[in-house]
K.L.:
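Mind having a look at this structure? Questions to follow.
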Amino acid sequence: MKKSIIYALAASALVLTGCDDFLDKDMRSGFTNNPAFWNNANNVQTYLNSMYGDFSGYGQGGSGGWFYFKSLSDDQANPNFDNWEFTTIPQKSSYWSSSFEEVRRANYMIAGVEASTLTDDEKANFLGIARLYRAWEYWQLVRFYGDIQWLDKVVTSPDDEAVYGERLDRDLVVDKIIEDLDFAIANVAANSSDNAFSKDLARAIKSDVCLFEGTFCKYRTQVDNGKEPNLDRAKKYLNLCVATNAELMGRYSLTENYGDIYNSINLAGNSEVIFYRNYKQDVQGHSTVDYTTGSTAQRGITRDAVEAFLFRDGKPLATTTLDKSDKPELVDGKLSIGKMLSNRDKRLSVIIDPYVCLAGYGWSRDASVGLAEMTSSTGYTVAKYYSDQLGDASTAVYYRQNIGTGYTDAPLFWLAVIYLNDAEARAELGTISQSDLDATINKLMARAELPGLTTTPAADPANNHGVSNLLWEIRRCRRCELMTDNWYRYWDLIRWHQLDKLDSSKYPNINLGANMEGITYEGNLQGGYVVATGATRKFDPKYYLFPVPANETGLNLNCSQNPGWK
């Protein structure tokens with residue numbers, strides 16, 4: 001009986017350990033866990049290299065990554081409809097099991113390196129990387145599940161109390177995540193490259209964690225999140241965010257053009273990129289370019305997203321004096337939105353194509369090399385990840401429109417995000433000055449060919465977050481800068497306590513697309529705008545957290561379920 005429980009626990013990744021041979025084998029890397037392995041620096045380096053793949057980027061092979069594919073937001077509408085990630089409690093979930101498996105791998109490395117005969121410098125570097133990686137995995141778990149078991153050792157016995165331990169308060173887990181990151185910052189060797197684990201990667205992760213924690217603790221509620229706001233904790237973490245950003249901002253600089261970091265086949269040495277995932281032609285590829293270039297209907301950009309972009313006079317849709325028309329011009333069977341784009345934030349012209357692409361109105365980015373005509377759920381196709389550097393005229397279709405053949409590098413952490421983090425943290429603290437804005441977010445505004453923000457911007461009638469005019473504009477810039485990137489929008493709505501904005505029954509513009517009023521179109525329209533899907537997504541506060549898989553609560557009676565999930 002005990003043996004079957006051990007294997008069930010291991011399979012579900014609750015503790016990610018088993019017994020005897022099972023304990024000594026890592027299911028992913030196949031290494032043998034013995035002193036000789038950890039005494040060899042090359043072995044340890046190979047072991048940690050396999051951790052690199054858990055930073056998803058553009059995905060690998062046919063799997064979708066964290067760009068474009070994470071379309072549960074108000075920015076995109078999936079033609080197959082994105083409902084909440086879970087609407088019922090699953091028996092098992094990779095969100096839980098995969099992260100705990102990686103925690104186990106990190107703990108194996110920590111234990112092995114600590115007991116090894118490596119030099120002190122080698123130990124410090126490898127231990128720093130292992131704790132950075134453990135922090136990264138726990139960061140995923142905390143955002144998904146809130147309270148979570150904290151395992152900082154390799155569990156070697158089924159009788160260990162950690163096997164059946166309670167979930168630790170999520171605030172305490174975040175504190176431990178910061179301890180791990182601070183250890184990494186102090187001990188990882190000086191940066192060797194921008195696609196290697198480094199001190200600056202630890203700082204960039206810390207910036208994100210601190211901004212999330214500061215704002216989440218400020219805006220959370222007992223009713224929806226199971227915990228009251230903690231303003232002292234919020235202030236502490238927002239100040240930590242600002243201090244961490246200061247360690248990064250002087251060492252990087254923005255690229256000249258928004259979009260350059262998304263479609264490069266080589267991000268090595270890019271002045272804006274802190275950490276990236278490398279892909280190699282015919283060796284390791286992804287499908288992000290394929291899914292945003294081929295004939296499969298795209299997860300289109302929504303009307304709500306398009307209307308979030310400022311006009312070139314720096315004013316929003318409600319107050320601009322520029323031409324507000326979003327109706328495409330039908331020319332030679334194509335629906336051009338070039339005129340609309342010319343009046344908007346320059347980033348919009350990079351994010352979407354200059355033509356509305358719908359059934360009956362397809363358009364190819366380069367028909368001369370055989371690229372397919374595109375369509376999307378909303379008519380607005382995602383262009384920012386497309387690269388004409390993939391292949392030549394004779395191989396373009398293969399590398400740009402086949403599963404797993406794209407080899408553009410994926411940015412994972414970069415300077416624009418740090419600028420956004422810094423401006424928001426200072427604004428939340430109430431300490432932001434004009435010089436702070438000019439040193440951060442206004443550099444992004446200038447690159448987008450927009451006037452800079454002041455500390456007292458005019459009110460936008462569309463502000464439905466209940467925050468100051470300045471915070472609303474900073475949040476707008478963040479949304480526009482990071483649109484379809486790295487799942488940022490979803491997590492932003494959670495930490496701002498605005499997840500209800502994904503309720504399409506209350507906010508119908510998040511399920512609408514291009515203006516087709518007066519243009520022949522056989523699809524569904526609402527008020528002249530394309531209806532992306534016929535389904536409706538409704539909000540429930542329980543969606544702020546994922547449900548703990550039933551297998552975990554069933555095996556461990558001390559593992560409680562999240563609020564609202566039955």
Side-chain angles (χ1 to χ4, degrees), residues 99 131-132 134-152 165-186 202-248 417-418 420-432 436 440 465-468 470-472 474-475 478 488 490-500 541-546 560 562-564:
S99 286
R131 291 184 64 173
L132 181 161
R134 184 172 69 187
W136 170 253
E137 294 301 334
Y138 264 111
W139 179 227
Q140 315 313 314
L141 286 165
V142 165
R143 289 189 296 180
F144 289 137
Y145 297 105
D147 298 351
I148 201 76
Q149 287 175 299
W150 177 262
L151 300 175
D152 57 4
E166 296 180 355
R167 298 161 68 198
L168 185 64
D169 185 299
R170 50 99 45 224
D171 289 9
L172 298 178
V173 175
V174 173
D175 292 343
K176 290 178 178 292
I177 289 171
I178 295 301
E179 289 176 9
D180 273 356
L181 291 172
D182 283 343
F183 183 90
I185 292 167
R203 291 183 177 109
I205 296 173
K206 183 178 176 181
S207 175
D208 276 359
V209 173
C210 289
L211 181 67
F212 186 101
E213 191 66 3
T215 50
F216 180 80
C217 289
K218 179 176 180 178
Y219 294 111
R220 69 188 181 190
T221 69
Q222 179 70 45
V223 173
D224 289 353
N225 305 111
K227 202 161 190 180
E228 293 180 350
N230 185 331
L231 298 185
D232 289 339
R233 182 176 176 83
K235 183 177 180 180
K236 169 189 171 181
Y237 270 93
L238 291 169
N239 277 315
L240 274 176
C241 180
V242 170
T244 304
N245 297 335
E247 298 173 2
L248 286 170
V417 181
I418 302 303
L420 291 164
N421 289 358
D422 197 69
E424 185 180 341
R426 291 176 186 271
E428 289 284 3
L429 288 165
T431 63
I432 197 164
D436 293 328
T440 57
H465 284 198
V467 296
S468 69
L470 179 57
L471 272 174
W472 174 254
I474 289 173
R475 290 181 181 186
R478 184 179 183 88
Y488 272 117
Y490 177 81
W491 294 118
D492 287 345
L493 293 174
I494 283 182
R495 66 187 178 86
W496 295 331
H497 204 71
Q498 299 290 332
L499 195 60
D500 64 300
K542 70 181 183 182
Y543 296 133
Y544 274 106
L545 291 172
F546 284 7
S560 58
N562 276 326

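Just so it is clear, the structure is predicted and the values come from calculations on it, not from any experiment.
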K.L.:
Do NZ/NE/NH1/NH2 and the carboxylate oxygens of Asp171 and Lys227 come within less than 4.0 Å?
P.N.:
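Yes, Asp171 and Lys227 are salt-bridged.
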K.L.:
May I ask you to test the Pro563-Leu545 pair for a side-chain heavy-atom distance under 4.5 Å?
P.N.:
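Result yes, sub-4.5 Å side-chain heavy-atom pair found.
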K.L.:
Could you walk me through whether Asp175 and Ile178 pass the side-chain contact (heavy atoms from CB on, under 4.5 Å) test, one step at a time?
P.N.:
CA-CA 5 Å; Asp175 292 343; Ile178 295 301; 5.8 Å; no
K.L.:
Testing the basics here: between Ala423 and Ile474, what is the closest heavy-atom pair and its distance to 0.1 Å?
P.N.:
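Reported closest heavy-atom pair: O-CD1, 3.7 Å.
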K.L.:
As an exercise, state the distance from CD of Gln149 to CG of Leu168, rounded to the nearest 0.5 Å.
P.N.:
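Between atom CD of Gln149 and atom CG of Leu168 there are 9.5 Å.
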K.L.:
Within this structure, what is the CZ-SG distance for the pair Arg170 and Cys217, rounded to the nearest 0.5 Å?
P.N.:
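If I round to the nearest 0.5 Å, the distance is 5.5 Å.
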K.L.:
Whether Lys236 and Asp232 form a salt bridge (side-chain N of Lys/Arg under 4.0 Å from carboxylate O of Asp/Glu) is what I want to check.
P.N.:
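Salt bridge absent between Asp232 and Lys236.
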K.L.:
May I ask you to test the Tyr145-Asn562 pair for a side-chain heavy-atom distance under 4.5 Å?
P.N.:
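Tyr145 reaches Asn562 side chain to side chain.
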K.L.:
Say whether, by atom type as modelled, one donor and one acceptor occur between the side chain of Asn245 and the main chain of Ser207 under 3.5 angstrom.
P.N.:
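Between the backbone of Ser207 and the side chain of Asn245 there is no qualifying donor-acceptor contact (under 3.5 Å).
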K.L.:
What distance do Asp422 atom CG and Thr440 atom OG1 have between them, rounded to the nearest 0.5 Å?
P.N.:
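The distance works out to 5.5 Å.
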K.L.:
Is a side-chain donor or acceptor of Asn225 paired with a backbone partner of Thr221 at a separation under 3.5 angstrom?
P.N.:
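The answer is yes, because a donor-acceptor pair under 3.5 Å joins these two groups.
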K.L.:
Would you call Arg495-Glu424 a salt bridge at under 4.0 Å N-O?
P.N.:
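Glu424 and Arg495: salt-bridged.
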K.L.:
Tell me which pairs pass salt bridge (Lys or Arg N to Asp or Glu O under 4.0 Å) where either residue lies in residues 134-143, with sequence neighbours left out.
P.N.:
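Qualifying pairs: Arg134-Asp180.
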K.L.:
State plainly whether the residues Glu213 and Lys206 are in salt-bridge range, i.e. N to O under 4.0 Å.
P.N.:
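Salt bridge: no.
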K.L.:
Do Phe216 and Val174 have side chains that approach each other closer than 4.5 Å (heavy atoms only, starting at C-beta)?
P.N.:
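A side-chain contact is absent here, since even the closest heavy-atom pair is not under 4.5 Å.
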K.L.:
Just how far is it from atom CG of Asn421 to atom CG of Leu248, taken to the nearest 0.5 Å?
P.N.:
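Spacing of CG (Asn421) from CG (Leu248) equals 10.0 Å.
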K.L.:
Could you label the plane-to-plane angle of the Trp491 and Phe212 rings as parallel, tilted or perpendicular, counting under 30° as parallel and over 60° as perpendicular?
P.N.:
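Answer is perpendicular, since the angle exceeds 60°.
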K.L.:
Both conditions, 6.0 Å and 45 degrees, for the charged tip of Arg220 above the ring of Tyr237: are they met here?
P.N.:
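Verdict for Tyr237: no cation-pi partner in Arg220.
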K.L.:
For a side-chain contact (heavy atoms from CB on, under 4.5 Å) check, start with the C-alpha distance between Gln498 and Tyr219, then their side-chain angles and the critical distance, and finish with the verdict.
P.N.:
CA-CA 9 Å; Gln498 299 290 332; Tyr219 294 111; over 6 Å; no
K.L.:
Keeping the roles fixed (side chain from Arg475, backbone from Trp496), state whether a donor-acceptor pair exists under 3.5 Å.
P.N.:
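The answer is no, because no donor-acceptor pair under 3.5 Å joins these two groups.
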K.L.:
Just checking Lys542: does its NZ atom have more than 12 heavy atoms from other residues, nucleotides or ligands closer to it than 6.0 angstrom?
P.N.:
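Yes, because the 6.0 Å sphere around NZ of Lys542 holds more than 12 heavy atoms from other groups.
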K.L.:
Between Tyr138 (side chain) and Leu151 (backbone), is there a donor-acceptor pair under 3.5 Å?
P.N.:
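Here the side-chain-to-backbone pair exists.
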K.L.:
Would Val142 and Ile148 count as a side-chain contact (heavy atoms from CB on, under 4.5 Å) here? Give the steps.
P.N.:
CA-CA 7 Å; Val142 165; Ile148 201 76; 4.3 Å; yes
K.L.:
Quick one: OG1 on Thr244 to CG on Leu181, what's the gap to the nearest 0.5 Å?
P.N.:
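Answer rounded to 0.5 Å: 9.0 Å.
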K.L.:
Classify the ring geometry of Tyr544 against His497: parallel below 30°, tilted from 30° to 60°, perpendicular beyond 60°.
P.N.:
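Rings of Tyr544 and His497: parallel, as their planes differ by under 30°.
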K.L.:
How long is the gap from CD1 on Ile205 to CD1 on Ile177, to the nearest 0.5 Å?
P.N.:
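Taking CD1 in Ile205 and CD1 in Ile177, the distance rounds to 10.0 Å.
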K.L.:
So, does Glu428 use its side chain to make a donor-acceptor pair with the main chain of Thr215 at under 3.5 Å?
P.N.:
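Answer holds: no.
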K.L.:
For the backbone of Val242 and the side chain of Arg426, can you confirm whether one donor and one acceptor N or O come within less than 3.5 Å of each other?
P.N.:
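Answer holds: no.
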K.L.:
How far apart are the closest heavy atoms of Ser560 and Arg167, and which atoms are they?
P.N.:
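Closest heavy-atom pair between Ser560 and Arg167: O-NH1, 2.8 Å.
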K.L.:
Working note: Leu211 + Leu238, criterion side-chain contact (heavy atoms from CB on, under 4.5 Å); need CA distance, chi angles, decisive distance, verdict.
P.N.:
CA-CA 6 Å; Leu211 181 67; Leu238 291 169; 4.1 Å; yes
